[in-house]
Amino acid sequence: MSTQDTPVSSNFIRQIIAEDRHNNKHNGRVATRFPPEPNGYLHIGHAKSICLNFGMAIENNGSCNLRFDDTNPEKESIEYMEAIQRDVQWLGFSWDNLCHASDYFEQLYAYAVQLIEQGLAYVDSLSADEIRAYRGSLTEAGKESPDRSRSVAENLDLFARMRAGEFNDGDYVLRAKIDMAAPNINMRDPAIYRIRRVHHQRTGNAWCIYPMYDYTHCLSDALENITHSLCTLEFEDHRPLYDWVLTQLNTPSHPQQIEFARLQLEYTIVSKRKLNQLVIENHVHGWDDPRMPTLAGLRRAGFTPKAIKDFCERIGLTKQNSWIEMGVLEYCIREDLNENALRAMAVLQPLRVVITNYPETQCERLCLSNHPQRPELGHREVPFARVILIEQDDFAELPPPKYKRLTLGGEVRLRGAYVIRCDEVIKNEQGQVIELRCTFDEATLGKNPEGRKVKGVIHWVAQDYSYPAEIRLYHRLFTVPHPDNEENFLSVLNPNSLEVLSDCRVEESLVAASSEQRFQFERTGYFCLDAVEASQERLIFNRTVTLRDGWVKE
RNA sequence: UGGGUCGUCGCCAAGCGGUAAGGCACGGGGUUUUGAUCUCCGCAUACCAAGGUUCGAAUCCUUGCGACCCAGCCA
């Protein structure tokens, strides 16, 4: 599926599927699957695959399964399975069937027995090291294992005993008998079953042998009657093995594997192993840390499913290794939030301003629009009083060229309120500006002053009618665009990726913000009420992304 | 002198023999009580290179060059 506003462009997989339907291949049916291993949280790279697989199914009136590739219990867990389902649903997709490779273990075992009977698989007693040595190298053919000629009867017996738990881990493996001289190393008698006495999150202790990916994946696809098995480029070399297994066995179908380039996003990483390391070693505060490129992290930062799906459509789909600039993702979330987030005012680094000609005890409740371009989104009341707070950055004693905000003796518009003039700057002993004394022009509420132009507009809150909040600003997690190229990716972690501002003040209306609700704090960016740590008593907003800043500073 | 894959604008990406779409980024103009949004304009005589086929080539052929992936009992 694609969002309605993103034009759908042609890509090679769309073309293949369209052609297959035209030729009535698979009776015109389209069935895909998203097959994560439950060994970590889903990240933005998975989103590309999710959008592709579910998208092709939706576009073609087909089906898409969520299938857990759970054949390596050592690294997998229920927590990850649950998180993955949550994230896929959050993105807005529904699977046709929830599947697990482990559901096919019995069937897979039976197929392996068939392979043995056909003389196409054998039990090998070589150690892992020996198998590696026998495999040859990129330029030299491998050697055949002495066990390659084991009789069918003996193989059958040994394989049954592997399953029965008669051997220790590593004593034996079941190998496909293909070709030790094959130029494609994946075809040099790959292992298809190994012994692992590990408790499996779903099958418990029922098995002590587990099938390998290459053997499991193609058969799982075939058993689910998948038509197009979409995966990333690194599996290209595995396709001959995928097809070999399905050709030898009499399976319900023979899906077509098609490979595409995985997403690489600048200034971040999408390796589950490395993301896991960031979590384990506490470089971030969990898988859902807003700095993480995980779906859980992006969600907590305030990204929307719509923006992420839009992003996945915009970046295209090819077989070219490429790096996407952060700007594309930022554009997508800004586009969505600009249209849909309510506006509000928050002062991140307050500077006290006393409006000397404003009555001491007066408080006006000004009416501000929730969205300048969408009046149907309503308006709200914002209290205005004698003492207000503005952003420290919005005042400059020595303004740089083209500065449009407040200066000593200068005027500025308070957003939705009056024009004020700064008459006096008050400093502490260290010379820091701690207060501004200003006067307001009563005639400028809702209209421009006469005879002069005020070019600047700044946001504000009334000191006594605002609320304290913590605001977390997130910066890129890494200091270089391609952290993966680094010898040690941790060495290029950005030490300042999290900036916590604890003295912020937000307008009254934000007290009613709901969990995960997103806002535009005018002039500063898009923010989201933190879903984990915020409460009625403690307002915490996460910055999703800044506003575009077209101001060229000198 | 192993195998597989890929080379079109700073970053993505259409193009499928008829004379280089689009998006992001960037530069400039206009509107604006957000330096936002919106809007207008600009942005590859050129498709890794060199040959060849053709009336015509980014598209076909040849030869180079460059990049990525593969030697887990991981996926």
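Below, chains carry the letters A, B, ... as their sequence lines are ordered, and counting in each starts from 1.
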[X] (side chain) and [N] (base): donor-acceptor pair under 3.5 Å:
X: A:Asp549; N: B:G35; answer: no
X: A:Arg405; N: B:G35; answer: yes
X: A:Glu140; N: B:G2; answer: no
X: A:Arg343; N: B:U34; answer: yes
X: A:Arg413; N: B:U33; answer: yes
X: A:Gln373; N: B:U37; answer: yes
X: A:Glu339; N: B:U37; answer: no

Tell me whether the OP1 or OP2 atom of [N] has a side-chain N or O from [X] closer than 4.0 Å.
X: A:Arg548; N: B:U37; answer: yes
X: A:Thr71; N: B:A75; answer: yes
X: A:Gln320; N: B:C48; answer: no
X: A:Tyr331; N: B:C24; answer: yes
X: A:Thr318; N: B:C6; answer: no

* To do: May I ask which nucleotide in the shown strands pairs with B:A67, Watson-Crick or G-U wobble, both distances under 3.5 Å?
  =>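 Base-paired to B:U5.
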
* To do: Look through every strand shown and name the nucleotide pairing with B:U62 as Watson-Crick or G-U wobble, where both distances are under 3.5 Å.
  =>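 B:U62 is paired with B:A50.
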
* **Glycosidic class, syn or anti, of B:G72 using a 90° window around 0** =>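 Syn, which is what one calls it when the glycosidic angle falls within 90° of 0.
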
* **Heavy-atom pair of closest approach, residues A:Trp287 and A:Lys272** =>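 Closest pair (atom of A:Trp287, atom of A:Lys272, distance): CH2-O, 4.0 Å.
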
Atom [atom1], compared across [N] and [M]: separation rounded to whole Å:
N: B:A14; M: B:C41; atom1: P; result: 26 Å
N: B:A25; M: B:C61; atom1: C1'; result: 38 Å
N: B:G22; M: B:A44; atom1: C1'; result: 14 Å

* To do: Check every atom of B:A14, B:U5, B:C73 against the side chain of A:Ser10 and return the nucleotide holding the closest atom.
  =>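 Closest of the options to the side chain of A:Ser10: B:A14.
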
* Between B:G35 (P) and A:Lys404 (NZ): distance, integer Å ->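 In whole Å, B:G35 P and A:Lys404 NZ are 6 Å from each other.
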
* Selection: residues 174-182 of chain A, any non-hydrogen atom under 4.0 Å of RNA chain B ->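 Heavy-atom cutoff 4.0 Å gives no residues at all.
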
* Asked: Does B:G35 have A:Trp551 stacked on its base, where the ring centres are within less than 5.5 Å and the planes differ by under 30°?
  ->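 Stack criterion met.
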
